[in-house]
Amino acid sequence: MLGLETASNRDASQCKDNFTEIRPLMASMEAVVEASRCLFCFDKPCMLACPARIDVPGFIQKIRTANLQGSARIILEANILGESCARVCPAKALCEGACVMHKTGEQPIQIARLQRYAVKDVLDRQIRVLRAGRPNGKRVACIGSGPASLACAAELAKWGYAVTIFDRNELPGGNPSHSIPSYKVRTSDPLREVELVHQLGVEFRQNTEVGRDISFAELEELFDAIFIGIGLGDTSPLDLPGEDLRGVYGAKQFVRQTKMGRDKVKVGHRVAVIGAGNTAMGVLVGLKHLGVEAAYMIYRRSKEEMPAFEHEYELAKEHGVMFHWETQPVRILGKKGVVAGLECLRTRQGEPDARGRRELLPIPDSEFTLEVDMVIGAVGQKPATEFLRAVPGIQLRKDGTVLTNELHQTGNEKYFAGGDCAHGGKLVVDAVASGKAGARGLDAWLGMPRGTNAPETFGGAGAWAPVPAPSQTLELTAAS
Ligand SMILES: Cc1cc2nc3c(=O)[nH]c(=O)nc-3n(C[C@H](O)[C@H](O)[C@H](O)COP(=O)(O)OP(=O)(O)OC[C@H]3O[C@@H](n4cnc5c(N)ncnc54)[C@H](O)[C@@H]3O)c2cc1C
Ligand code: SF4
């Protein structure tokens with residue numbers, strides 16, 4: 001029988017798997033042995049491949065000498081989301097992809113797993129390895145509590161700024177808390193890093209939507225500068241007939257439900273995911289972990305043109321996902337208001353256009369129907385242009401992202417921007433790098449001499465504490 005059903009009514013062990021991490025933690029001996037393989041390259045190609053510029057050989061050396069605190073300090077100084085990034089980063093395409101071991105035909109150093117091993121220890125034992133700077137009298141507001149704002153706030157707090165983060169969600173952390181599938185990162189994981197930022201004295205005002213609960217004029221009056229890190233908006237619509245049927249979701253909305261509702265989320269038996277990016281692959285793997293019978297990927301173009309990383313595709317393949325390349329969805333079919341199928345047709349490539357991208361031509365009489373009871377769109381996210389246009393003086397690019405100068409400053413000199421809202425949909429580590437760059441730009445604009453605000457005290461006066469409200473207790477404890 002087809003139809004949406006609560007995930008926990010399926011195979012309970014599979015449902016549990018959805019919340020089981022895919023990259024297991026390293027044991028101590030394994031970590032030391034792996035660290036000892038590192039050649040500690042002088043030119044650090046692994047570090048240069050990391051957008052957050054973590055000193056990889058530096059932290060690996062400290063693992064080798066059993067100095068885990070020192071190792072974690074190197075990581076967290078460069079990337080306050082060092083543990084989350086060790087889980088969600090496509091390391092094979094970044095640091096591990098650049099490791100010199102490839103040249104000698106050996107396995108690259110397992111940098112991501114070593115990074116997680118080092119940071120986990122200090123987070124588990126709640127050791128404070130970062131310190132807030134001596135107060136410099138300047139106040140900064142960050143809009144959004146995702147990776148970009150967290151990185152910006154942590155840098156500024158280390159230099160002595162008083163920072164307040166405003167976020168409309170109940171829980172801080174942005175997408176890693178809410179929208180990245182649980183098999184990569186559970187909601188409780190980034191909250192441990194949020195606590196590090198909180199310990200630096202950063203204040204968190206959750207359930208506060210800027211533009212609704214607090215106005216731009218109020219922020220401008222209260223703060224010397226404002227950093228915008230609001231990410232992107234909802235998943236773009238599919239623009240297909242039948243999109244309003246029950247059982248049609250956007251990728252972000254669906255993953256959010258699985259993370260927040262855990263095993264109570266309703267899933268179909270046979271699900272089509274439209275799109276071939278990393279988000280689509282992540283949703284497909286997550287669906288298999290939730291016990292769906294058949295998970296189909298539908299993409300208009302060929303496999304060679306898929307935007308997903310090869311390793312994300314391979315993972316989806318290993319999970320038994322079925323791929324329909326060169327397939328155009330035409331309409332979503334329904335029965336009594338619920339999804340009952342997806343009508344598609346096959347495409348072929350025509351002549352290349354001016355940008356070298358080939359036109360897609362429908363193959364006549366190639367229509368077929370996939371029997372599915374759920375359709376998930378994973379065709380990218382829209383920028384939150386309505387919010388951004390309301391910021392006085394701000395300029396947007398054609399694609400709706402925020403236009404900034406080399407200081408990450410917007411058309412309104414008091415506002416800076418970083419992360420997905422400024423550079424479009426990228427990775428968590430790119431948002432961290434962008435948030436750090438925004439902090440440097442903001443600091444340069446405010447002209448605070450760094451020497452006077454050297455770290456002195458530990459912070460800790462913020463309003464948000466990682467003590468879950470009663471309604472969140474289940475989620476936080478059960479997911480960890
Ligand atoms: C489904 C999905 C899967 C992904 N998988 C991966 C992955 O595996 N690896 C990876 O590296 N990246 C992944 N990404 C991308 C990654 O999540 C983003 O690049 C990153 O989170 C961007 O960080 P950010 O701080 O710019 O924005 P976000 O993380 O989106 O955070 C923005 C925050 O701003 C808040 N906000 C918005 N408007 C307001 C307002 N008006 N007032 C107050 N607060 C507001 C939001 O509530 C949110 O908390 C994925 C993204 C999605 C959607
Ligand atoms: S490139 Fe590889 S071997 Fe060289 S320092 Fe980086 S992790 Fe070590």
Side-chain angles (χ1 to χ4, degrees), residues 34-35 37-51 55-58 60-61 81 84-85 87-90 94-96 98-104 106 108-111 114 142-152 165-181 183-185 190 205-214 228-235 250-256 259 277-283 286 309 312 378 380-381 384 386-388 390 417-432 434-435:
E34 185 65 7
R37 287 178 60 228
C38 179
L39 303 176
F40 305 105
C41 307
F42 178 71
D43 53 351
K44 307 183 183 184
C46 43
M47 172 173 165
L48 295 179
C50 169
D55 178 359
V56 175
I60 291 181
Q61 173 72 282
L81 292 180
S84 289
C85 281
R87 294 167 189 270
V88 306
C89 258
L94 297 172
C95 52
E96 291 176 12
C99 179
V100 291
M101 292 293 192
H102 287 287
K103 289 188 185 154
T104 54
E106 286 177 67
I109 304 296
Q110 296 181 56
I111 300 170
L114 285 172
C142 293
I143 311 178
S145 67
S149 284
L150 290 173
C152 179
I165 290 183
F166 296 87
D167 196 293
R168 63 184 177 190
N169 286 330
E170 192 164 353
L171 289 179
N175 281 349
S177 295
H178 299 94
S179 306
I180 300 185
Y183 72 87
K184 288 187 180 176
V185 62
R205 299 260 184 94
Q206 297 304 129
N207 294 316
T208 310
E209 182 168 336
V210 174
R212 193 193 66 182
D213 303 317
I214 183 165
I228 305 174
I230 58 158
L232 293 170
D234 288 332
T235 307
K252 198 173 168 183
Q253 175 201 9
F254 176 70
V255 179
R256 190 183 170 101
K259 289 187 83 129
N278 295 314
T279 297
M281 299 301 165
V283 169
F309 289 118
E312 298 276 9
Q381 289 170 257
E386 200 182 319
F387 170 87
L388 295 169
D420 280 3
C421 70
H423 56 216
K426 284 190 169 183
L427 298 168
V428 170
V429 69
D430 291 307
V432 167
S434 172

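Indexing begins at 1, ligand by ligand and atom by atom, following the structure's order.
Side chain of Lys252 to backbone of His178: no donor-acceptor contact under 3.5 angstrom is found. Although no hydrogens or angles enter the test, the distance criterion places no donor-acceptor pair under 3.5 Å between the side chain of Glu209 and the main chain of Arg168. In terms of modelled atom types and a separation under 3.5 Å, the side chain of Ser149 and the main chain of Gly144 share a donor-acceptor contact. Checking side-chain atoms of Glu34 against main-chain N and O of Leu114 turns up no donor-acceptor pair under 3.5 Å. A donor-acceptor distance shorter than 3.5 angstrom exists from the side chain of Lys259 to the backbone of Val185, with no hydrogens or angles considered. Side-chain atoms of Asp420 do not come within 3.5 Å of backbone N or O of Ala431 as any donor-acceptor pair.
Protein residues having a heavy atom under 4.0 Å from any atom of ligand 2 are Cys38, Leu39, Phe40, Cys41, Pro45, Cys46, Pro57, Cys99, Val100, Ile109, Ile111, listed by chain and number. Taking a heavy-atom cut-off of under 4.0 Å, ligand 1 is surrounded by Val88, Ile143, Gly144, Ser145, Gly146, Pro147, Ala148, Phe166, Asp167, Arg168, Asn169, Gly174, Asn175, Pro176, Ser179, Ile180, Lys184, Thr208, Glu209, Val210, Gly229, Ile230, Gly231, Thr279, Gln381, Phe387, Gly419, Asp420, Lys426, Leu427, Val428, Ala431.
How far CG of Asp55 is from CD1 of Ile60: 9.5 Å, rounded to the nearest 0.5 Å. A distance of 9.5 Å separates CZ of Arg256 from CG of Asp234, quoted to the nearest 0.5 Å.
Remark: Gln253 CD is packed, more than 12 non-hydrogen atoms of other residues, nucleotides or ligands lying under 6.0 Å away.
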